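Quick caveat: nothing in here was measured; it's all calculated off a predicted structure.
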Amino acid sequence: MHKTVILSILIFCSISCKKEDDTPATPQEAILYYSTKETFDAPWQISKENLTTGETSTVTNDPFHNYWWVSASPDNRQLLLLRSPVTSLIDQFDYENCEMIKCDSDGKNQKVIIADNQYDWFAFGNPYWHPNGDRILMIAQESNATAPFFTYTVDTNGNDPQQIINQYSIDAHWNKEGDKIAFIGIAEEGFIDVTSFEVFSCNYDAKANSVSTIIQLTSDDTRNHDPCFSPDGSEIAFSASNADLTNADLVSIDVLGNNRTELINDNGIHGGPLHWGEDDKIYNHSIYIGTSNFTVNVFNTLNNTNETILSSSTAAYISPFCVQQ
């Protein structure tokens with residue numbers, strides 16, 4: 001599942017309130033994590049930017065690995081990273097040659113919690129902490145490149161892998177409460193017909209670590225990826241592309257699969273992983289082939305505008321993940 005696609009980010013608007021003693025509350029800050037390639041030959045590394053103050057800092061600085069995925073723990077104190085050797089032919093989203101890393105939010109104390117080929121998995125990726133912090137949602141491919149992907153959870157040390165969705169599936173993502181999962185269901189083993197990638201949802205029982213009530217939400221002719229819930233759980237955004245991923249739109253539906261809305265529809269590739277922030281903005285990354293590098297953007301669902309917040313003529317930016325602290 002090599003996706004030379006698009007990602008997502010997120011900006012947060014803090015709300016001012018007053019305490020009983022009329023002392024203004026300290027506004028919360030929005031921290032954006034992302035992967036960046038500073039030059040064409042440089043490895044992908046994780047950086048972060050305080051979107052409130054504009055301060056930026058480096059999270060990883062490893063010349064031997066490409067770090068191409070980042071997500072934060074519910075308390076924002078730790079990160080999950082995916083990295084692959086720079087010698088790999090694929091320099092981003094290299095699910096077949098990756099390690100899952102857990103570290104502090106500043107990149108210190110990195111620990112491999114799932115090694116390449118661990119559990120006899122041929123490929124794996126897309127890790128997200130459950131909102132209660134107990135399990136990590138992810139996908140894994142057994143055996144070989146033609147085997148299907150399935151959705152799993154592991155504990156926060158990478159142990160106790162349990163398959164929770166029996167259907168071929170990728171791109172699984174929790175809702176804010178952690179009691180539902182949106183994912184892409186795949187009809188054909190070996191990805192024969194990529195336009196059969198459809199959006200599904202299911203209920204999740206955290207105590208039993210099990211799912212129920214799987215519902216197919218789309219039935220279309222697009223190749224769908226990276227679904228994510230809105231903060232209130234009423235909508236799902238996803239990337240809808242042509243078969244070869246040369247054009248991808250940003251789309252939303254309600255949780256019954258109705259009211260399909262094209263949020264971004266042009267000649268670009270827009271996608272993720274996507275993150276729908278509390279500020280009603282959908283963080284994504286984009287590229288216009290032949291005319292731009294990867295950029296990080298936010299789509300504002302309140303006024304239907306898409307703003308580029310990270311771009312460069314020499315650097316590229318992917319995999320945005322924004323947190324509030």
Side-chain angles (χ1 to χ4, degrees), residues 1 3 5-10 69 71-72 74 80 125-132 135-140 148-153 163-187 194-206 209-220 222-241 248-263 270-278 280-285 299 301 319-322:
M1 188 182 64
K3 301 188 295 184
V5 250
I6 30 232
L7 298 122
S8 51
I9 333 190
L10 117 99
W69 176 283
S71 62
L80 292 174
N126 291 48
Y128 290 106
W129 253 288
H130 187 269
N132 70 15
R135 302 286 292 179
I136 296 170
L137 186 68
M138 60 177 296
I139 60 172
F149 276 85
F150 292 104
T151 299
Y152 288 78
T153 67
Q163 182 180 330
I164 60 170
I165 297 178
N166 293 325
Q167 180 178 354
Y168 303 165
S169 51
I170 58 174
D171 298 355
H173 205 319
W174 317 102
N175 67 344
K176 180 182 176 181
E177 289 73 25
D179 59 2
K180 292 186 182 295
I181 297 173
F183 66 94
I184 299 299
I186 300 173
V194 292
T195 59
S196 69
F197 288 16
E198 303 294 351
V199 180
F200 288 74
S201 71
C202 61
N203 297 330
Y204 177 74
D205 183 334
N209 190 38
S210 64
V211 303
S212 61
T213 318
I214 296 177
I215 302 173
Q216 182 172 341
L217 301 179
T218 62
S219 181
D220 51 39
T222 54
R223 175 177 178 173
N224 301 322
H225 281 289
D226 302 310
C228 70
F229 285 95
S230 60
D232 65 4
S234 67
E235 295 180 87
I236 295 173
F238 60 96
S239 176
S241 74
D249 301 326
L250 197 62
V251 175
S252 68
I253 53 175
D254 64 30
V255 290
L256 297 177
N258 302 320
N259 298 313
R260 184 179 178 115
T261 303
E262 292 184 341
L263 304 177
H270 309 279
L274 302 176
H275 190 124
W276 198 325
E278 298 277 354
D280 292 309
K281 295 177 180 179
I282 303 172
Y283 292 81
N284 63 92
H285 71 219
F299 182 85
T301 61
S319 303
F321 190 94
C322 192

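- Partners of Thr153 by side-chain hydrogen bond (donor to acceptor under 3.5 Å, both in side chains), not counting sequence neighbours, listed by chain and number: Arg135, Asn209.
- In terms of the side-chain contact (heavy atoms from CB on, under 4.5 Å) criterion, residue partners of Ala72 (sequence neighbours excluded) are, by chain and number, Asn76, Leu79, Phe321, Val323.
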Start with the C-alpha distance between Thr195 and Thr222, add both sets of side-chain angles, then the distance that settles side-chain contact (heavy atoms from CB on, under 4.5 Å), and finish with yes or no. CA-CA 5 Å; Thr195 59; Thr222 54; over 6 Å; no
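- Here the straight-line distance linking atom CD of Glu177 with atom CZ of Phe229 works out to 9.5 Å at 0.5 Å rounding.
- Considering only heavy atoms from C-beta on, Ile164 comes within 4.5 Å of Ile181 through its side chain.
- Not counting sequence neighbours, the partners of Phe150 by the ring-ring contact (aromatic ring centres under 6.0 Å, His included) test are Tyr168.
- Under the side-chain contact (heavy atoms from CB on, under 4.5 Å) criterion, Ala140 pairs with Trp121, Phe124, Tyr152, not counting sequence neighbours.
- Annotation: side chain of Ile253 is not in contact with side chain of Asn258 (no heavy-atom distance under 4.5 Å).
- For Gln167, there are no side-chain hydrogen bond (donor to acceptor under 3.5 Å, both in side chains) partners two or more places apart in sequence or in a different chain.
- Within the 4.5 Å cutoff, no side-chain heavy atoms of Val255 are placed close to those of Ser201.
- Distance CD/Glu235 to SG/Cys228: 10.5 Å, rounded to 0.5 Å.
- With rounding to the nearest 0.5 Å, the separation of CZ in Phe197 from NE2 in His225 is 5.5 Å.
- Taking all atoms of both residues into account, the shortest heavy-atom contact from Ile139 to Ala172 is CG2-N, 4.3 Å.
- Rounding to the nearest 0.5 Å places CG of Asn224 at 11.5 Å from CD1 of Ile236.
- Listed by chain and residue number, Trp276, Asp280, Ile282, Phe299 satisfy the side-chain contact (heavy atoms from CB on, under 4.5 Å) test with Thr301 (two or more places apart in sequence, or in another chain).
- For the ring-ring contact (aromatic ring centres under 6.0 Å, His included) test, no residue two or more places apart in sequence or in another chain qualifies with Trp129.
- Side chain of Ser169 to backbone of Thr151: a donor-acceptor contact under 3.5 angstrom is found.
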Return a table of donor-acceptor pairs under 3.5 angstrom between the side chains of residues 210-217 and protein atoms on other chains or two or more places apart.
{"from": "Thr213", "atom 1": "OG1", "to": "Asn203", "atom 2": "ND2", "distance (Å)": "3.4"}
{"from": "Gln216", "atom 1": "NE2", "to": "Thr218", "atom 2": "O", "distance (Å)": "2.7"}

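- In this structure, CD on Glu198 lies 8.0 Å from CD1 on Ile184, to the nearest 0.5 angstrom.
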Apply side-chain contact (heavy atoms from CB on, under 4.5 Å) to the pair Ile170 and Asn126, showing each step before the final yes or no. CA-CA 8 Å; Ile170 58 174; Asn126 291 48; over 6 Å; no
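- With sequence neighbours excluded, the residues that form a ring-ring contact (aromatic ring centres under 6.0 Å, His included) with Tyr204 are His130, Trp174.
- Atom-to-atom distance recorded for Ser239:OG and Leu250:CG is 7.0 Å, nearest 0.5 angstrom.
- Each salt bridge (Lys or Arg N to Asp or Glu O under 4.0 Å) pair with one or both residues in residues 250-260, not counting sequence neighbours, appears once here: Asp220-Arg260.
- Residues satisfying the side-chain hydrogen bond (donor to acceptor under 3.5 Å, both in side chains) test with Ser230, not counting sequence neighbours, are Asp232.
- Looking only at side-chain heavy atoms (C-beta outward), Pro227 and Asp171 come within less than 4.5 Å of each other.
- Scanning all heavy atoms of the two residues, the minimum distance from Pro127 to Ile136 falls at CB-CG2, 3.8 Å.
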